[in-house]
Amino acid sequence: MTRLSSYFLPTLKEPPADAEALSHRLLVRAGLVRQLGAGLWTFLPAGWRSHRRVEAIVRSELDAIGAQEMLMPVLQPADPWARTGRLPIQELFKVEDRKGAEHVLAMSHEEAITFHVARELRSYRDLPKILYHFQVKARDEPRPRAGVLRTREFVMKDSYSFDADREGLDRSYELHVGAYDRIFDRCGLEWYRVASDVGMMGGFGAHEYMAPCPAGENEVALSAAGYAANVEVASATPRPVEGLPSAADAPEAVETPGQTAIEEVSRGLDVPAAALLKAFPVIAERRGPVLVVLRGDHRLNEIKLANALGEAARPAQADEVESLFASVPGFIGPVGTPVAVIADRAVEGLRGLVAGANEADRHLRGVEPGRDFEPEWADVRSVEAGDTCPSGAEIHLEPAIEVGNIFKLGMRYSEPLGATYLDESGTERHVWMGSYGIGLARIMAAAVEQGADEQGISWPRALAPFDIEVVALGKPGEESLEVAERLYSELGAAGLEAVLDDRAASAGEKFADAELLGCPLRLTVGRKGIEAGEVEAQVRRGRERRALSLETAAEEAVGLWRELP
RNA sequence: CGGGGCGUGGCGCAGUCUGGUAGCGCACUCGGCUGGGGGCCGAGCGGUCGCUGGUUCAAAUCCAGUCGCCCCGACCA
């Protein structure tokens, strides 16, 4: 019997002063987690129960798609990391053993799993395989933050798929899509699967699972029509420009002394910011100088630009603007520029625009893309609230936390680590891989953020540390404790995990702590209730109360519990 | 890595500017009352003032260094 009188659940009236994020404050206050160092967190008994519930859900859905659980070490020899080129990663913890041999603390397990697969899987008959484990990941984060949301050590479920060809990888990926959708549904989260950037690793496709919450580090673009994308890659139709100046036969120079900012030129010439052409001089790694042109009220999205260029680019320095772009910082524009121009699609078809004249204190008006300069068109701007999605619905932006990701790796690891197999014709081929991660603590934190109210946490039924909290009121020795214990046992017999508040504390303290801990259902047993033949039930979410009959309280409570979210 | 802030009983804070007996609330212990929304009375326990060095008759307070933690940004394979 789990009794609060002896359970290690140190609740706090006030959150630690340095806690800002809601989940951080509440997980600490409710006695679920404690900090050991920057980005290093201990899960106390009740917090670990929640964590394990998440784990159990993840495990059951992965097992259901035929994935096989295993376990790989955190401490690993550095050599495979050197071979895949990941050794220089800043976030990778490096350690030496007593002999001076280089090791790492794994931040993920592609190297380890591929190492094994390369040795053990030889034939197309051995494929496909999906392998996974729950393991601590170590990352030397430049900036841990927000409690358990971004830490230097955390438990992740990561699975890896191994297939003979691209079609096989697609199938393994789709299996994970299904499993992940079910996992986040079962966890009771509001979530979105969004297309994501494949990043510097390349790869063949990736999605992120995002849970909207105020402490989220990412931003997702959502629409009522079901559009969902990470702003890193989101694409949308811009709001039309209002008050565009009339078109001209040819660009005409105007004096704009000292007006280097969009806002200043807009005011000086009395045209909307959207009628300006914003020009970003960048230096691409291989292509060299490129002038990127956007609508004046839009922002450049560096990730989309890198994807459009097919390589990374950096902003040009002031001296480079003069030497390479033959222009003047603040007055740079696409008309007459000696370098290649990439223009955002939002300016396609617009006329009567204003652009920098590539001379100090002058702009051009009446500019028309396609006539006055010939750009390469690309979608390189950041979407913003008020844009419309492909189905025509308005887009809004929300902060969200990434709770999972799925990634088509291809042969990124099987090549350097020599993971090959012989196909039906006896030809040696590389294995096609995918990797799929889920952060367990982040699911907890997201659930807390999404469900909390003024009183504290309100867990989704599937993740609560306990299904039901039974509160026994009255002085020690009174009948209510006996009744509460009986109720606890009946709930256990019915398959629910309860916790009993048998502490010698006042009713107010017990209620406050129960609402802080956030179990979905609270049953209160007190003298008055017993005399009236009743037990009070309070649903945590909404805090609605109702009376249950003393005799059938357990049975009624189980029924009530099953209806909860 | 750039910017900002904070380290004083378990938690939240005051005291630092202007050097002179370390304080408050909560928590905790004991006794009593109360017993359906953090209740009341009384008596207690508990602090190397992050650390090191310096200045001074005297340092939580001034100076130098250092460590730790938080927030914003950058970064986030």
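Just so we're clear, the structure is a prediction, and the values are computed from it rather than from any experiment. Every chain is numbered from 1 and lettered A, B, ... according to where its sequence line falls, protein lines coming before strand lines. The figures here come from the full heavy-atom set of this structure, side chains too, leaving out hydrogens, waters and symmetry mates.
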Check every atom of [options] against the side chain of [X] and return the nucleotide holding the closest atom.
| X | options | result |
| --- | --- | --- |
| A:Pro142 | B:rG35, B:rC69, B:rC75 | B:rC75 |
| A:Glu536 | B:rC69, B:rG37, B:rG36 | B:rG36 |
| A:Arg527 | B:rC75, B:rC71, B:rG36 | B:rG36 |
| A:Arg145 | B:rG35, B:rG36, B:rC75 | B:rC75 |

Assess the side chains of A:Ser161 and A:Tyr436: does a donor N or O sit below 3.5 Å from an acceptor N or O?
yes
Checking A:Thr552 against A:Glu556: is there a side-chain donor and acceptor pair closer than 3.5 Å?
yes
Over 60° means perpendicular and under 30° means parallel, so classify the ring planes of A:His24 and A:Trp41, tilted if in between.
perpendicular
Is the ring pair A:Tyr7/A:Phe466 parallel, tilted or perpendicular, if the boundaries are 30 and 60 degrees?
perpendicular
Quick check: any donor-acceptor pair below 3.5 Å linking the side-chain of A:Arg503 to the base of B:rG35?
no
Got a sec, which residues hit side-chain hydrogen bond (donor to acceptor under 3.5 Å, both in side chains) with A:Asp344, two or more places apart in sequence or on another chain?
none
Check the interface with nucleotides 50-52 of chain B: list each N/O to N/O pair with the protein under 3.5 Å, or write none.
none

How many whole angstroms separate atom CD1 of A:Ile303 from atom P of B:rC76?
8 Å
Measure from CD on A:Gln35 to P on B:rC69 and round the result to the nearest Å.
8 Å
Taking atom P in both B:rG20 and B:rC49, compute the distance separating them and give it to the nearest angstrom.
15 Å
Taking only N/O atoms, report every protein-nucleotides 11-15 of chain B pair under 3.5 Å with atom names and distance.
from	atom 1	to	atom 2	distance (Å)
B:rG12	OP1	A:Ala17	N	3.0
B:rG12	O2'	A:Glu14	OE1	3.3

For residues 133-141 of chain A, tabulate all N or O donor-acceptor pairs below 3.5 Å that involve a side-chain atom, not counting sequence neighbours.
from	atom 1	to	atom 2	distance (Å)
A:His133	ND1	A:Asp158	OD1	2.9
A:Gln135	NE2	A:Met72	O	2.6
A:Lys137	NZ	A:His109	ND1	2.6
A:Lys137	NZ	A:Asp158	OD1	2.9
A:Lys137	NZ	A:Asp158	OD2	2.7
A:Arg139	NE	A:Met107	O	3.1
A:Arg139	NH2	A:Met107	O	2.8
A:Glu141	OE1	A:Arg150	NE	3.1

Would you tabulate the nitrogen or oxygen pairs shorter than 3.5 Å linking the protein to nucleotides 2-7 of chain B?
none

Which pairs, protein N/O on one side and nucleotides 39-45 of chain B N/O on the other, fall under 3.5 Å?
none

